[in-house]
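As structure tokens, the structure follows; a few thoughts come after it.
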Amino acid sequence: MSGSSDREPLPPRVDLATAAVLLALGLGVMALAWRMPTFVEQSGTGLTAPGIVPGFHATVLAVLSVLLGLRAIRRGALKPGASQSRAWSREDARQLGTAALLGVLYAGVLVGRVPFWMATSLFVFAFTAAFEWPAGPVGRVRRLVEAAVLGLATGGIVTLVFERIFLVRLP
Amino acid sequence: MNNPITMLGDGFAHVLSGGAIFHAFWAVLIGIVVGALPGLTATMGVALLTTLTFTMGPQVAMLVLVCVYVGAIYGGSRSAILLNIPGTPASAASTLDGFPLAKQGLAGRAMGISTLGSWFGTLFGTLILAMFAPSFGEFALQFGSYEMFWVALFGIVIAGSLSGGDPLKGYIAGFIGLLAATVGQETNHAFPRFAFGNADLAGGLGLLPVLVGVFGVAEVLNAMRGPAVKAVSAKIDSVIPRIRDVTQYWRTILRSGALGTFIGAMPGLGEDIAAWTSYAAAKRASKERDLFGKGSVEGLMAAETGESACVPGAIIPVLTLAVPGSAPAAVLMAAMMIHGLNPGPMLAITAPEFIYQIVAMLVVADMVKLVYGLVLVKPLLWVLLIPRSRLMPIVFTLCTVGAFAITSRLFDIWVMLGAGLVGFILRELRFPMAPLVLGIVLGELLDKNLLRGLVLTGGDISPFFTRPISMALCVLTLLAVAWAIPGLVPRVVGVFRRRPA
């Protein structure tokens, strides 16, 4: 379940920045929890106020993020040269950006606006084509045709299987 | 009527009626394929298949999901052996000896060993579940709100401490999960927390969209970077397991089965920890430890038995405490709730037969897995060669359907996208996912029981610390925290050692 824990450790400065963001989150949630009504009249005790539990979680989160920040500083986050972080390679960033952009366009924009089979066909075609385009001009047309067939097949089969066989409503 | 043997027989009769074998065969097959494909995890498989089970009856739905879970955990070993890439995190330990065996031209033998180990593991764990879950369920009936609060907190802490990597980040992930679970109306006063006037947010973040996001969308993003995985050895020797492998390593099988089941029963630890622990224990006790990492049959057997024994183990706390033992078990628990089966202490009263039905489902899934393990080798090689550029958009489509289908709200698709992004970033920042998921799943349990306890006592918090079981759970939680503080345990032990002198 841990999945990612076996990779190389992050530079301490990344942990420090993470701690700062988490501390802001913790303090922000604490403030919101504090402003929630307490319902003392109804419950007779303020301890059942809706803000108690999120306030508790946020306080723990804030304390833990301070510990994370202090640990990062102890490990040299503030020392010069500590910022040499392992950034994504340009290729990784391009691949991630493409996948994320296409995913948001599909799930956030197309789905619900055009018929589901069409949205899915377009998405699968675009995704496959985008990631197979850099493979070079040799066989590109064939790959694009295969991507189009895959897209249409996915759109059709997913719609058929979910809507007709398993009676699940699709967007 | 309440004789365990009779109930077990009834459980099998119930599960095996109504085309169960047909459902078991296709569901285990999907599970194995999902598990075998790097980038698709057992958690994702169970989450996506939950969508397909909406219109099924609860028993068939649970059978399907249990089969997917069992199949996926086993399926991960295929790519671990053939590609040196664990299909699921649970199979990471299997790469250590599975791949060296494959390189020696013994890929078939390695797969036979993994099939046998996995089969014994699940069977062993299921036996333990059948023996202990009913009685533990009855013991859990003594748990009130105070105890359940501590169970939830203990789950987060133990998952944070032991789920691998950095305990501090584990705790943070757990509390982020708990915070996410507080969004929406709370139970006491129906006050919409963090809704900001939005009716969708007031309804809360759906468990399934969040889990599909964290384990589906984040996995798709993660799978799409870096170089693509290349070729598999197409030469496979015989996959028929040898009896000698069992008779020679029976101690390892029993040890790994017991360890795997125990780790499964601990909240949030999961199959990967079970496999690593079983592997390490086998190496320590082995006469041929020099072979470990170079193609040891015993090492592979230990890892596979441990991870597969963990599956029934992880279901034990789901059935008895409503606390999942692993991430896939968390999704399975969510599916049980969706289907109106309320897991937890009350199950022993409301539906005691369900525990035995789960036992029957696990046994059926295990048997089907054995069949596939022996016949499904070449077709799986073909599946492993599907390029990610063609597989991942299909997975993303299934994620979108899975997130939408439960309540038919487009808002849930946005929740999935948001959870996917957050999950991906947290993974990149080396936060373990197990405590995060446990936090999301246990958030409501913790919230409800804390507030209910306070209402019952009129605001007095002392029962949380003075009731015997509460006190024991509180001490366990504190010990788990202390265990994770670097250097604290040796220092305390040192103090006690010095004192007598």
Side-chain angles (χ1 to χ4, degrees), chain A residues 1-7 9-10 14 18 22 29 32 36-37 39 42-48 50-54 57-58 60-61 64-65 67-68 71 88 92 95-96 98-100 103-104 106-108 111-112 120 123-124 127-128 131-132 147 150 154 158 162 166-171, chain B residues 51-52 54-55 89 92 163-166 168-169 171-172 175-176 178-179 182 186 188-189 191 193-194 217 220-221 224-226 268-273 326-327 389-390 392-394 396-398 400-401 404-405 408 410 413-414 416-417 427 429-430 432-434 447 450-451 454-455 458-459:
Chain A
M1 254 167 87
S2 52
S4 59
S5 56
D6 50 349
R7 289 180 285 161
L10 285 171
V14 175
T18 308
L22 290 172
V29 173
L32 286 171
M36 287 178 191
F39 297 104
Q42 287 95 326
S43 64
T45 163
L47 282 172
T48 62
I52 292 277
V53 173
H57 296 337
V60 177
L61 185 65
L64 291 174
S65 57
L67 290 176
L68 182 68
R71 193 183 69 178
W88 291 327
D92 271 3
Q95 288 172 330
L96 269 175
T98 309
V104 172
Y106 167 64
V111 168
T120 301
F123 168 66
V124 174
F127 197 102
T128 306
F131 279 92
E132 294 190 353
L150 182 70
T154 307
V158 169
F162 279 84
F166 288 98
L167 307 174
V168 172
R169 215 179 136 200
L170 293 175
Chain B
T51 315
L52 283 187
F54 284 164
T55 52
S163 64
D166 184 346
L168 182 56
K169 288 190 173 177
Y171 299 147
I172 291 176
F175 275 89
I176 291 174
L178 287 173
L179 261 182
T182 62
E186 47 84 46
N188 270 17
H189 306 287
F191 178 78
R193 295 166 172 156
F194 313 118
V217 175
V220 169
L221 290 176
M224 286 319 298
R225 60 169 178 186
L269 295 194
E271 290 78 13
D272 54 343
I273 310 282
S326 67
S389 56
R390 300 187 176 195
M392 289 304 156
I394 300 173
F396 193 90
T397 301
L398 296 177
T400 307
V401 174
F404 176 82
S408 300
L410 285 174
I413 295 181
W414 284 104
M416 172 199 81
L417 287 172
R427 241 174 251 228
L429 295 171
R430 308 289 192 276
M433 288 296 106
D447 191 351
L450 175 64
L451 291 182
L454 289 172
V455 167

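Just so it is clear: chains get the letters A, B, ... in the order the sequence lines come, proteins before strands, and each one is counted from 1. Please read all numbers here as calculations on a predicted model, not as lab measurements. Just so you know, these numbers use all the heavy atoms, side chains as well, and skip hydrogens, waters and symmetry mates.
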*Does some side-chain heavy atom of V29(A) sit less than 4.5 Å from a side-chain heavy atom of F194(B)?*
yes
*Any side-chain heavy atom of L10(A) within less than 4.5 Å of one from K169(B)?*
yes
*Non-hydrogen atoms of chain A under 4.5 Å away: do they reach the side chain of L417(B), the backbone, both or neither?*
side chain
_So which residue, D447(B), I413(B), L221(B), T397(B), ends up with the most heavy-atom pairs under 4.5 Å with chain A?_
T397(B)
*asked:* A side-chain contact here means heavy atoms from C-beta on lying under 4.5 Å apart; do E186(B) and I52(A) qualify?
replied: no
*Considering only heavy atoms, which portion of T400(B) lies under 4.5 Å from any heavy atom of chain A: side chain, backbone, both, or neither?*
side chain
_Which atoms of L410(B) are under 4.5 Å from chain A, going by heavy atoms: the side chain, the backbone, both sets, or neither?_
side chain
*Would you mind checking which part of L450(B) comes under 4.5 Å of any heavy atom in chain A, side chain (CB onward), backbone (N, CA, C, O), both or neither?*
side chain
*asked:* Quick check for you: among L96(A), V124(A), T98(A), which has the greatest number of heavy-atom pairs under 4.5 Å with chain B?
replied: L96(A)
*Side chains of L150(A) and I394(B): closer than 4.5 Å at any heavy-atom pair?*
yes
_Evaluation steps, side-chain contact (heavy atoms from CB on, under 4.5 Å), between R430(B) and V14(A)_ = CA-CA 11 Å; R430(B) 308 289 192 276; V14(A) 175; over 6 Å; no
*Heavy-atom contact with chain B under 4.5 Å, split by part of V60(A)*: side chain
*asked:* Can you give me the closest heavy-atom contact between P50(A) and R193(B), atom names plus distance?
replied: O-NE, 2.8 Å
*Any side-chain heavy atom of L398(B) sitting closer than 4.5 Å to one from F162(A)?*
yes
_Within the 6.0 Å centroid threshold, strictly below: F127(A) and F396(B)_ = no
*asked:* Shorter than 4.5 Å, heavy atoms on both sides: which option in L67(A), L170(A), T154(A), T120(A) has the most such pairs with chain B?
replied: L170(A)
*Can you check whether T128(A)'s main-chain N or O pairs, donor with acceptor, with S389(B)'s side chain at less than 3.5 Å?*
no
*Heavy-atom distance under 4.5 Å to chain A: side chain of Y171(B), backbone, both or neither?*
both
*Nearest-0.5 Å distance, OG1 of residue T182(B) to NE2 of residue H57(A)*: 6.5 Å
*Winner by heavy-atom pair count (cut-off under 4.5 Å) against chain B, out of G112(A), A99(A), G103(A)*: G103(A)
*Can you tell if the side chain of I176(B) reaches within under 4.5 Å of the side chain of L22(A), non-hydrogen atoms only?*
yes
